Amino acid sequence: MSNITITLPDKSIHTYDSSVTPLDVAESIGPQLAKDTVAASINGALMDVTVPIREDAELILHTGSSAEGHEVLLHSTAHLMAQTVKMLWPGSQITIGPAIKNRFYYDFDIEGTFSEDDLEKIEEKMREIAKENLPVFRQELDRDEAVNLFKERGENYKVEIIEQIDSADPISAYGQGDFIDLCRGPHVPTTGRIKHFKLLNTSGAYWRGDENNKMLQRIYGTVFSTKDALKDYLKFLEETKKRDHRKLGKELEIYTFDEEVGPGLPLWLPNGGIIIDELEALAKETETRHGYHRVRTPHLTKGDLYQKSGHLDLYKDAMYPAMDVDGIEYYVKPMNCPHHHKVYAALPKSYRDLPFRISEYGTCYRYEKSGQLFGLMRVRSMQMNDAHIYCSKADFDSEFMDVCKMYLEYFDIFGIEKYEMRLSLHDPEALGKKYINEPELWVETENAVRKALLDGGMNFSEIPGEAAFYGPKIDVQVWSAIGKEFTLATNQVDFAIPKRFGLSFTDVDGTEQTPICIHRAPLSTHERFIGFLIEHYGGDFPLWLSPTQVAILPVSEKTQSYAKIIEENFKGAGIRVKLDDRPEKIGAKIRQAELSKIPVMAIVGEKETANNTVSLRRRFIGDKGAVESNILLESLLSEIKQRSQAYHENQ
RNA sequence: GCCUACGUAGCUCAGUGGUAGAGCACUUCCUUGGUAAGGAAGAGGUCGCCGGUUCAAUCCCGGCCGUAGGCUCCA
């Protein structure tokens, strides 16, 4: 038998007999490693640990704690779960069961549904099978064999999948015990590798994600390589619930929903009103600096306008139905653009008027499907931080970059670091359907946007088929506390609608030109942005956004009148204060202020009254001792003016 | 919209085929207390809504509304 050399990630080179398996290699390094290894990369290709290596290779052994290994572990656990479900529900059919981030799921076609008790039953049985330590085997099949195998087993969904696999691709199946599943792999070598798992929840899911197809029953679960990692993950899930804006929004009295008002129609409580005011103040300041004009447009509009813009054709189902006014159909507005186009058109424009930038915190209404509503993140009435910029082609680059810079200015203020910028492009095959049929303009505009982004040194990824119907867009994606992805900011280039609206300007040479329109909403909607901020800050807003900025806490009623003087001073300076004059002990008042996440506490007792000071306590910092009240006032005003970041636990 | 689960006081949650309970919050009184809960009393509910079964329904059944976890969608 010939020898081969194996190069490990530490660059060490080892000699083995040809046909050595990654598992053998792991074994030769140490028995614990062999036990922990779930997959291997052989010359960069992810493989089972039981495949023989026949030539010199670079080898990476993956334990369940590497990214690749964890994915294999998740996927194998999905198989284990499917095997169990097939044992307990012999009439069920398996469909697909991939690994997703930190979790896996498997969709079953089953008579009835899974209950909570069923999950426990399945989990218990899974543990038994795992303990049996069944070997996991791989089987290469040709197309006919594969079709026959799964036909025999009554797995019609698998047959459907096989029929759609490219004929050039190999078909493989993985099995354990008498369970077998169509799968590309790789998988753990034995079921005993699967130890620390938990089934999480069930839900319905359409076959192939198409709502016209049958609804399958999905089970989600998770698995980790160690008990502690599993425990940490489950704890993380608990912790994220505490940051959920729906929970905090209620506790901090920011917003509420009322059944009698309607689903997806939030009521902003006074604390939420303050946050909105602050956000609008920031937006107004910023927009004024960037040369925007503010406009206001009505909530109702004749249907013809949306026919012209194309929205009615594409989005009628997501609009509130028309109301008949004097025999004419009116709609509540689902977006502001058509109105803004009309604002542009109100007066003739020359190149001297461009770029024409108009913004509006306009309230829009969209009939989102009921199952789609989600706290403040997805609502039916929303106030957009909307603006439209009309410019010439020559100005496009600098205008586009200015918008991107505005995003970054905002993100800096809010301390938003985890986001992804995506350039969404059109799909040439959907021209004339999902997208306006202007193939050359699409390519031209996309190139212009790409160039502007590259010139500006922005990091972004490109996604085909995600553009708006009238042009490419830049989306900024963020994630909610519970991991749901949201588009926070969006910026779209519109090369088509201005033409439809007959918008024009007189150029330097006297010719009439059509402007390009940039749609932008860097702060998303008030609803979504505040929902996001609640989670981003965990409810601990920076001073400038805090609904109550300072709690004034008299130690006893003896110092009540001095506390009132401080209250008046601070209020007069524009600070949002709350005087806690309940007949409670100071400890209770502090506790209440802490629970309400008020960032600054000014405690006033007899010492402070005598010296004209306050005792300062800051959240996450604690007692900072006596400060002259005027000095504190000045420093708070400056912190507010600068919109400084919030203090957090780690500070 | 679809699948599943849930809906009891302002909040968090017990509970029962004979029309309801706790803690916190609230009101009043006592206490005047120095950096995360002082004490007492009181008030507060058409048990989501509508219908059915029953002598009797908050509880069982059906429909609707709402919420949650997913699926699908997102100008």
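All of these numbers come straight from a predicted model, not from anything done at the bench. Naming convention: chains lettered A, B, ... in sequence-line order (proteins, then strands); numbering from 1 in each chain.
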Point to revise | Pairwise 5' ranking along RNA chain B for A:Leu616 and A:Tyr470, keeping only the more 5' one | key: A:Leu616
Check your understanding: Quantified in whole Å, what is the P atom distance between nucleotide B:C13 and nucleotide B:A40?
Key -> 26 Å
Review point. Given B:G69, B:U31, B:A75, which nucleotide is nearest the side-chain atoms of A:Glu557?
Key: B:U31
Check your understanding: Using a cut-off of 4.0 Å on non-hydrogen atoms, how would the nucleic acid contact of A:Gly209 be classed: base, sugar-phosphate, or nothing?
Key -> sugar-phosphate
Review point. Base, sugar-phosphate, or nothing for A:Leu314, non-hydrogen atoms under 4.0 angstrom?
Key: nothing
Exercise for review: State which of B:C2, B:G66, B:G1 makes the closest approach to the side chain of A:Met215.
Suggested key: B:C2
Practice item. Assess whether one donor atom and one acceptor atom, taken from the side chain of A:Tyr206 and the base of B:G1, lie less than 3.5 Å apart. Key: yes
Practice item. Indicate the ring-plane relationship of A:His341 and A:Phe501, choosing parallel, tilted or perpendicular according to the 30° and 60° boundaries. Key: perpendicular
Point to revise | OP1 or OP2 of B:G34 under 4.0 Å from side-chain N/O of A:Arg617 | key: no
Review point. Is a salt bridge present between A:Arg208 and A:Asp210, judged by a nitrogen-to-oxygen distance below 4.0 Å?
Key: no
**Study point:** A:Glu594/A:Arg619 ion pair, N-O < 4.0 Å
**Key:** yes
Review point. Within this structure, what is the CE-to-C1' distance between A:Met377 and B:C73, rounded to whole angstrom?
Key: 18 Å
Revision key, fill the gap. Re B:C26: Watson-Crick or G-U wobble partner, both distances kept under 3.5 Å, found to be B:G42
Exercise for review: Can you tell me the distance, in whole Å, between the CZ atom of A:Arg380 and the P atom of B:C73?
Suggested key: 18 Å
Review point. So what does A:Gln217 hit on the nucleic acid, given a heavy-atom distance under 4.0 Å: a base, only sugar-phosphate, or nothing?
Key: sugar-phosphate
Review point. Within the structure shown, what part of the strands sits under 4.0 Å from A:Asn201 by heavy-atom distance: base, sugar-phosphate, or nothing?
Key: sugar-phosphate
Review point. What is the nucleic acid contact for A:Tyr367, judged by heavy atoms within less than 4.0 Å: base, sugar-phosphate only, or nothing?
Key: sugar-phosphate
**Study point:** Proximity to the side chain of A:Ile590 - top-ranked nucleotide from B:U31, B:G7, B:A36
**Key:** B:A36
Practice item. Please check if atom CD in A:Gln164 has more than 12 non-hydrogen atoms from other residues, nucleotides or ligands closer than 6.0 Å. Key: yes
Check your understanding: When all nucleic acid strands are considered with a 4.0 Å heavy-atom cut-off, which category describes A:Lys473: base, sugar-phosphate, or nothing?
Key -> sugar-phosphate
Review point. On a whole-Å scale, what distance lies between the C1' atoms belonging to B:U28 and B:A14?
Key: 28 Å
Exercise for review: May I ask you to say what A:Lys250 touches in the nucleic acid, namely base, sugar-phosphate or nothing, with a heavy-atom cut-off under 4.0 Å?
Suggested key: sugar-phosphate
Review point. Are A:Tyr220 and B:C71 close enough that a side-chain N or O sits under 4.0 Å from OP1 or OP2?
Key: yes
Practice item. Give one of base, sugar-phosphate or nothing for A:Gly587, where a contact means two heavy atoms less than 4.0 Å apart. Key: sugar-phosphate
Check your understanding: How close or far is atom P of B:U67 from atom CD of A:Glu368, stated in whole angstroms?
Key -> 13 Å
Review point. Could A:Asp244 and A:Arg246 be called an ion pair, given the rule that one side-chain N must be under 4.0 Å from one carboxylate O?
Key: yes
Review point. Taking the P atom of each, how far is B:U58 from B:G18, in whole Å?
Key: 11 Å
Point to revise | A:Arg366 side-chain proximity, nearest of B:C74, B:C26, B:G34 | key: B:C74
Practice item. Tell me what A:Ala318 touches on the nucleic acid: a base, only sugar-phosphate, or nothing, going by heavy atoms under 4.0 Å. Key: base
Check your understanding: Taking CG from A:Asp580 and P from B:U32, how many angstroms apart are they, rounded to a whole number?
Key -> 18 Å
Review point. Is any side-chain N of the basic residue among A:Glu429 and A:Lys434 closer than 4.0 Å to the acidic one's carboxylate O?
Key: no
Point to revise | SB check A:Glu368 A:Arg378 (cutoff 4.0 Å) | key: yes
Check your understanding: Hey, is A:Asp580 close enough to A:Lys578 for a salt bridge, meaning N to O under 4.0 Å?
Key -> no
Check your understanding: Can you tell me how far P in B:C49 sits from the matching atom in B:A9, rounded to whole Å?
Key -> 11 Å
Point to revise | Closest to side chain of A:Ala588, choosing from B:A37, B:C3, B:A36 | key: B:A37
Point to revise | Atom P, compared across B:U53 and B:A41: separation rounded to whole Å | key: 46 Å
Review point. Which nucleotide, B:A75, B:G34, B:U32, lies nearest any side-chain atom of A:Val555?
Key: B:G34
**Study point:** Distance between C1' atoms of B:G52 and B:A56 (Å, rounded)
**Key:** 15 Å
Study note, to complete from the structure: By nearest-nucleotide position on RNA chain B, the 5'-leaning member of A:Arg208 and A:Lys607 is A:Lys607
**Study point:** B:C60 - base-pair partner by Watson-Crick or wobble geometry, distances under 3.5 Å
**Key:** B:G52
Check your understanding: Do NZ/NE/NH1/NH2 and the carboxylate oxygens of A:Glu360 and A:Lys333 come within less than 4.0 Å?
Key -> yes
Check your understanding: With rounding to whole Å, what would you report as the distance between B:C11 and B:G69 at their C1' atoms?
Key -> 23 Å
**Study point:** Nucleotide paired to B:A20 in any strand shown, Watson-Crick or G-U, under 3.5 Å
**Key:** none
Check your understanding: How far, in whole Å, is B:A57 from B:G51 if one measures between their P atoms?
Key -> 12 Å
Review point. With respect to the side chain of A:Glu608, which nucleotide from B:G38, B:G7, B:G34 is positioned closest?
Key: B:G34
Point to revise | Minimum-distance nucleotide (side-chain atoms of A:Pro263 versus B:A36, B:G66, B:C71) | key: B:G66
Check your understanding: At under 4.0 Å between heavy atoms, what does A:Glu606 touch on the DNA or RNA strands: base, sugar-phosphate, or nothing?
Key -> base
Check your understanding: What integer distance in Å separates A:Arg218:CZ from B:G70:P?
Key -> 11 Å
Practice item. Report the distance from atom CZ of A:Arg378 to atom P of B:A68, rounded to the nearest whole Å. Key: 14 Å
Review point. Looking for any heavy atom pair under 4.0 Å, which part of the strands does A:Pro334 touch: base, sugar-phosphate only, or nothing?
Key: base
Revision key, fill the gap. Checking B:A75, B:A68, B:U72 against the side chain of A:Glu211 (C-beta onward), the nearest is B:U72
